[in-house]
There are 2 protein chains.
Amino acid sequence: MTTHRPTGRDEAAAQRPPRGTAFLLAQVGAHAAARFAERISELGLIPAEVGILRMIAARPGRSQRSLAEELGVVPSRIVALVDRLEGKGLLARARNPTDRRNHALQLTAEGGAVMARMRGLAAAHEDQICAALDDAQRAHLSSLLAAIAAQQGLTPGVHPGYQQPPPT
Amino acid sequence: MTTHRPTGRDEAAAQRPPRGTAFLLAQVGAHAAARFAERISELGLIPAEVGILRMIAARPGRSQRSLAEELGVVPSRIVALVDRLEGKGLLARARNPTDRRNHALQLTAEGGAVMARMRGLAAAHEDQICAALDDAQRAHLSSLLAAIAAQQGLTPGVHPGYQQPPPT
DNA sequence: TATTGTTATACTCTATAACTATA
DNA sequence: TATAGTTATAGAGTATAACAATA
């Protein structure tokens with residue numbers, strides 16, 4: 001615990017954390033993202049690729065356009081990511097017989113295997129990042145973060161890479 | 001709160017948050033960073049520039065090399081950032097009389113004024129990001145994050161942009 | 001020789017916009 | 001005419017490495 005501090009006169013100032021909570025969030029979040037990127041590099045993947053694979057695993061057969069919309073990015077960006085993943089043999093663009101304009105994206109067997117390995121890495125990552133906290137603290141942290149995420153309108157499971165800021 | 005959920009038989013599975021804590025950290029952290037970037041764009045600044053200005057304000061006269069080391073980036077990257085800030089009139093490269101190889105970086109008056117405005121924006125940002133939490137919850141979140149940051153060896157006040165991962 | 005800063009260069013990521021094919 | 005996907009292109013950001021000035 002780091003909450004006990006001398007509660008003297010300058011209490012208001014002492015209570016104020018040296019850097020704001022929002023800064024800490026950004027700092028620790030970026031660190032977590034960087035460590036995760038490091039871990040999955042052993043699979044030859046970058047975080048965006050893992051995100052795509054995860055979304056397809058969750059809903060097989062979805063189109064590239066639907067990925068672009070959910071991620072809030074432009075369709076041409078999906079093309080590059082899907083190209084690479086297809087090149088690695090992790091997913092396949094299947095033709096949709098009823099509407100041949102779009103691609104029904106599917107994980108290959110190898111893609112499924114990679115996802116299984118990825119889940120192991122993610123669990124280890126979680127443990128490494130939260131090493132300072134016991135189980136109750138982790139649960140508490142999760143609920144606080146979930147409350148912020150919900151209030152801020154974040155889509156569960158979607159990392160806001162550095163999306164285009166809404167035009168001013 | 002989002003912690004109450006049907007506690008039935010698959011309890012172990014149900015207790016496990018839908019996405020891990022580390023993912024939530026990265027997600028909320030990236031969101032906070034993006035909202036901050038949006039806010040300071042009204043000052044014509046990007047987050048990296050604010051970071052440089054803040055470090056110089058905290059210790060005037062420091063060299064570009066010391067910034068590069070503390071941030072964990074390559075010196076040539078500092079050149080570009082300092083170039084832009086100097087071009088905007090927010091900081092000055094003063095010659096160090098005792099060792100003319102390095103620059104003693106100083107904020108200009110205008111740079112100081114911009115930093116004052118920035119602090120106002122940061123406070124508003126903090127409030128907006130933490131809107132879902134009351135004061136006690138914010139303090140608790142801060143202490144949990146600070147514990148993680150300390151255990152992970154993060155330098156206080158230094159955002160790990162996306163630094164070069166340590167060579168494997 | 002070592003150090004500080006700079007420049008030149010190449011590479012990656014990403015958005016924009018024009019294009020193809022289907023509907 | 002509208003939609004899914006693709007390609008071509010350009011811009012920003014960043015690391016590498018060679019270089020100049022100073023110690």
Side-chain angles (χ1 to χ4, degrees), chain A residues 30 33-34 37-38 41 44-52 55-56 59 61-87 91-106 159-168, chain B residues 30 33-34 37 41 44-52 55-56 61-87 91-106 159-168:
Chain A
E38 216 177 301
S41 72
L45 296 176
I46 61 175
E49 293 171 333
V50 170
I52 297 286
M55 290 169 79
I56 296 172
R59 185 143 62 82
R62 58 189 303 180
S63 69
Q64 297 182 194
R65 159 116 358 212
S66 83
L67 294 177
E69 272 161 15
E70 183 165 329
L71 293 172
V73 301
V74 85
S76 66
R77 185 169 167 187
I78 305 295
V79 173
L81 289 167
V82 170
D83 275 353
R84 286 208 296 212
L85 290 168
E86 196 177 30
L91 66 75
R93 288 170 158 114
R95 272 294 166 198
N96 182 339
T98 68
D99 182 344
R100 303 199 318 178
R101 284 175 304 184
N102 65 42
H103 289 145
L105 300 172
Q106 311 275 359
H159 186 111
Y162 254 41
Q163 292 163 345
Q164 191 87 312
T168 314
Chain B
S41 72
L45 297 175
I46 62 175
E49 293 170 334
V50 170
I52 297 286
M55 290 169 79
I56 296 172
R62 57 189 303 179
S63 70
Q64 297 183 194
R65 159 118 356 214
S66 83
L67 294 177
E69 272 161 16
E70 184 165 329
L71 293 170
V73 302
V74 86
S76 65
R77 185 167 167 189
I78 305 294
V79 174
L81 288 167
V82 170
D83 275 352
R84 285 207 296 211
L85 290 167
E86 196 178 32
L91 65 75
R93 288 171 159 113
R95 273 292 166 199
N96 183 339
T98 69
D99 182 345
R100 302 200 318 179
R101 284 175 305 186
N102 65 41
H103 289 145
L105 301 172
Q106 311 276 358
H159 185 111
Y162 253 43
Q163 292 164 342
Q164 192 85 313
T168 312

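So you know, we letter chains A, B, ... as the sequences are listed, proteins then strands, and number each from 1.
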Between A:R84 and A:T98, the residue closer to the 5' end of DNA chain C by nearest nucleotide is A:R84
Approximate separation, where rounding is to 0.5 Å, of B:R101 CZ and B:R65 CZ: 10.0 Å
I want to check something: taking the side chain as every heavy atom from C-beta on, are B:I52 and B:L105 in contact at a cut-off of under 4.5 Å? no
Check whether any side-chain N or O of A:R100 sits under 4.0 Å from OP1 or OP2 of D:dT3, and answer yes or no. no
Using five pairs at each end of the helix from C:dT1-D:dA23 to C:dA23-D:dT1 to define an axis, what is the angle between those two axes, to 10°? 20°
Can you confirm whether the side chains of A:Q106 and A:R93 place a donor and an acceptor under 3.5 Å from each other? no
Distance in angstrom units between B:L71 CG and D:dT14 P, rounded: 11 Å
I'd like to compare against my own output: the B/S/- annotation of nucleotides 4-11 of chain D with a strict under-4.0 Å heavy-atom distance to protein. BSBB----
Main-chain N/O of B:L67 paired with B:E70 side-chain donor or acceptor, under 3.5 Å: no
Can you tell if the side chain of B:E49 reaches within under 4.5 Å of the side chain of B:L81, non-hydrogen atoms only? yes
side-chain contact (heavy atoms from CB on, under 4.5 Å) between A:L71 and A:M55: does it pass, once the steps are laid out? CA-CA 10 Å; A:L71 293 172; A:M55 290 169 79; 3.7 Å; yes
For the pair made of CG in B:L81 and P in D:dA12, what is the distance, rounded to whole Å? 15 Å
Spatial distance of atom NE2 (A:H103) from atom CD1 (A:I78) [nearest 0.5 Å]: 13.5 Å
Between the main-chain N or O of B:I56 and the side-chain N or O of B:R62, is there a donor-acceptor pair closer than 3.5 Å? no
Looking at D:dA15, I'd like to know if its phosphate oxygens (OP1 or OP2) sit under 4.0 Å from a side-chain N or O belonging to B:R77. yes
